[in-house]
Amino acid sequence: MTEPTASPAVPLLEAVAVTRYFEDGQVTALKDVSLQIDSGDYVALVGKSGSGKSTLLNLLGGLDHPTSGAIRYRGKDLSEFGDPAQFRSSELGFVFQSFHLISVLTAEQNVQMPMFESSLRAPERRERAAELLERVGLTHRARHLPQQLSVGERQRVAIARALANRPSLLLADEPTGNLDSSTAESIFALFDSLHADGMTLLLITHDPLLSERARRTWTLRDGRLGEADDDAKPESA
Amino acid sequence: MWFLTVIFANLRGRPARSLLTLSGIAVAVAAVVSLLGVVRGFERSLLELHQGRGVDVMVQQAGRLQMTSSVLRESIGETISAVNGVVAVHPSLIEVLSLIQDDLMGVVVQGWSPDSGPVQKLKLLDGALFSGPEAREVIVGQRLASALGVAVGGTVELLEGEPFRVVGVFESGNVFDSGSMFVPLRSLQRLMFREGEVTMFAVVAERRDPESLRDLAARIRLGVDGKVEAEPADDLARRSTEIRVARSFAWLTSVIAVTIGSIGMLNTMMMAVFERTREIAMLRALGWRRRRVIAMILGEATLLSVAGAAIGVLASILFVRFLASLPASGRLVSGDLPVAAMGQGVLLALLLGLIGGLYPAWSAARLTPVEGLRHD
C-alpha cells in the first residue's frame with residue numbers, strides 16, 4: 001500500500017468551507033463544510049439519506065465541483081490539477097455500493113481496467129491484478145465473470161480494482177449496502193486490513209458496525225457536518 | 001489484458017447487436033464493391049475493346065448520347081480515308097437485338113467487313129472466319145455461345161425467321177466482345193434494312209501517341225462534310241454514356257449504402273453508450289480520461305467496420321462470380337473484381353465506422369461521472 005508522504009502539517013485531503021447548491025441554488029446539498037483527512041486516517045461519514053454524504057464524497061473525489069469553497073489534496077486545490085481524471089487515476093480509489101463491475105470482463109480483467117491510465121504494460125497489469133486478487137482472497141475466482149461471483153466476491157473485486165493504481169486514499173460509498181451481515185463483516189475485515197497496511201480510508205455508510213470500526217466518524221445533517229467524535233475510538237477494531 | 005481485449009469483449013458481450021450491425025456494414029460494402037467492381041470492369045473492358053482491335057480513332061454521328069444510336073452514311077468512309085495520317089478505315093454497323101427464342105435480351109451484334117482488322121484479329125476457338133461479304137453467317141463470342149448453347153454448325157435466328165449459321169466461336173478476354181457476335185457488314189445492313197448506313201468508323205492511325213491521335217481526330221472532324229464526332233478511342237470509351245450512367249448509378253448506390261450503414265452504426269453505438277452510461281461513468285470515476293473513452297467507443301465501431309468490410313468484400317467476390325456464371329448477366333460481368341474497388345469498399349466501411357462511432361464516442365466522453373452514476 002502507499003506509504004503516507006504528506007507532512008504532518010499538510011492534510012492529505014481537506015475541504016474548506018465547501019458549499020454545494022443544485023438547481024440554481026434551490027437545493028442546498030452542502031453548507032459550509034470543512035474537514036481534514038490525514039494520511040493513514042480511517043474515517044466513516046454517516047448521515048440520513050439526502051443529508052449530502054454522496055455529494056461530499058463526489059466533491060472530495062474530484063467528480064464534482066463545489067459552488068463555493070475549496071477542496072485541497074496535499075495542500076493543492078483540486079482545480080489546479082490539469083485533468084481531474086488523471087488525479088483520480090493516480091491518487092484515489094473508488095468503491096461503489098453497486099460494485100459496477102463490467103459484466104463481459106472477468107474478475108482479473110475488471111481489476112486491470114483502471115491500470116490502462118497508468119504506465120504499466122500488459123504483463124505488469126496482469127501481474128498486479130493477480131496480486132490484488134490475492135490480497136482480497138479471490139485468486140481462485142480470477143477468471144470468473146461477475147455474474148458467476150457472489151455479491152461479497154463482487155465487492156472484493158471492486159475493492160481490488162479500486163486499489164489498482166496504488167492510490168493514497170480509498171473512497172467508498174455504502175460499500176456494504178448491498179451485502180448481508182456476514183458478507184459485510186468480511187468486507188469490514190478487509191478495510192481494517194487495508195488500514196493496517198497504511199491505506200487512508202473514507203467510507204460513507206449507514207452501517208453502525210462499520211462506522212464503529214472507523215477511527216473517526218463524521219455525521220452529516222442537512223448538508224452540515226456535525227462534531228467529529230474522533231477520540232472515542234479505540235486504536236484497533 | 002490489452003485494450004483491444006476490452007473492445008472485443010464489449011462487442012462479444014452483445015452478440016445479437018454486434019452481428020446485426022456487422023451484417024449491415026457487410027451488405028453495404030458488398031453492394032458498393034460489387035457495383036463499383038462491375039462498373040470498373042465494364043469501363044476496363046470498353047477501353048480494352050478498342051485497344052485489342054487496333055482501333056485508334058472512332059468516328060460517329062455528332063450529338064448522339066449512345067454510340068448504338070449513331071447513324072452515318074457509309075460513303076463518308078472514303079473521305080476519312082483521304083485524311084492525312086489515316087492508315088485504314090473500318091465501317092461498322094452495331095445493333096442491339098433481343099433473341100426472343102433464346103430468351104436473351106440486349107445482344108450486341110457487330111457488323112464488320114470480313115477483311116476488316118477487328119474480324120481478322122478474332123481468336124477463333126473453333127470454326128473459321130466468314131466465307132464472303134454477304135454470307136448469312138455469324139461468329140459468336142465464347143460467353144454468348146455458352147449462353148445460347150450453340151456451337152459451330154448450329155444456327156442463330158437474329159430476327160424471327162432469319163437464321164444465320166454459326167461458322168466460328170471466338171475467345172476474348174473482353175467481356176463485351178465475348179458476349180457479342182460478329183456478322184458480315186453487308187448481311188447485317190440488309191437484314192436491318194440499313195443498306196449504306198453504318199454506326200461508326202474505326203480508324204487506324206499512322207501515329208498513335210495521344211497528341212497525334214487528338215490532332216488526327218480534329219482533322220477528321222474538319223475534313224468530313226457532315227456533323228461527325230471523331231475522338232481517340234480511349235477518350236471516347238472513358239466518357240461514354242454507358243460508363244457515365246453506370247458510374248453515377250454506382251456512386252448513387254454507394255451514397256445510399258453509406259447513409260444507411262452510418263445510421264445503423266450510429267444507432268448501435270448510441271445504444272451501446274446509452275446502455276453503458278453507468279459503466280462509462282464508473283470508468284471516468286476510476287480515472288479514465290475522455291480520450292480513452294473515445295478510443296474505446298471508436299475502437300468498437302472500427303472493429304465492427306473492419307469485420308464488416310472483410311465479410312462484405314468476400315461476399316462481393318462471390319456475388320460477382322455468381323453473376324458472371326449466369327447466362328443473362330455473364331455476357332456483361334467479367335467475374336473479376338478490381339483491387340481498387342475492394343479498397344474503396346474497405347475505405348467505405350472505415351468511413352461508416354468513423355461517422356457512426358464519432359458522435360456516440362463524443363457523447364460518451366462528455367458524460368460527467370456524477371450524472372452517469374445516477375443514470376438508471
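Chain identifiers are assigned alphabetically (A, B, ...) following the order of the sequence lines, protein sequences preceding nucleic acid strands; residue numbering begins at 1 within each chain.
- Side chains of B:Val306 and B:Thr302 form a contact here, defined as non-hydrogen atoms less than 4.5 Å apart.
- Residue A:Ser118 does not touch chain B at all, counting heavy-atom pairs closer than 4.5 Å.
- Proximity to chain B is limited to the side chain of A:Phe96, based on heavy atoms less than 4.5 angstrom apart.
- In summary, B:Glu300 and B:Arg276 engage in a salt bridge, as defined by a charged side-chain N under 4.0 Å from a carboxylate O.
- B:Arg289 forms no cation-pi arrangement with A:Phe116, by the criterion of a distance under 6.0 Å to the ring centre and an angle within 45° of the ring axis.
- A salt bridge links B:Arg14 with B:Glu275: the closest approach of a Lys/Arg side-chain nitrogen to an acidic carboxylate oxygen falls below 4.0 angstrom.
- Identified by a heavy-atom distance below 4.5 Å to chain A, contributing residues of residues 351-364 of chain B are lacking entirely.
- Interface remark: A:Arg161 contributes side-chain atoms only to the contact with chain B (heavy atom separation under 4.5 Å).
- A:Glu91 has no carboxylate O lying under 4.0 Å from a charged side-chain N of A:Lys76, or vice versa, which leaves the two without a salt bridge.
- A:Pro84 places none of its side-chain heavy atoms less than 4.5 Å from the side chain of A:Leu78.
- Between A:Thr55 and the choices A:Leu30, A:Val18, A:Val33, the side chain to side chain contact (heavy atoms under 4.5 Å, CB included) rule is met once, by A:Leu30.
- Of the N and O atoms on the side chains of A:Asp41 and A:Thr200, not one donor lies less than 3.5 Å from an acceptor on the other residue.
- With a 4.5 Å cut-off on non-hydrogen atoms, A:Leu63 touches chain B through its backbone and its side chain both.
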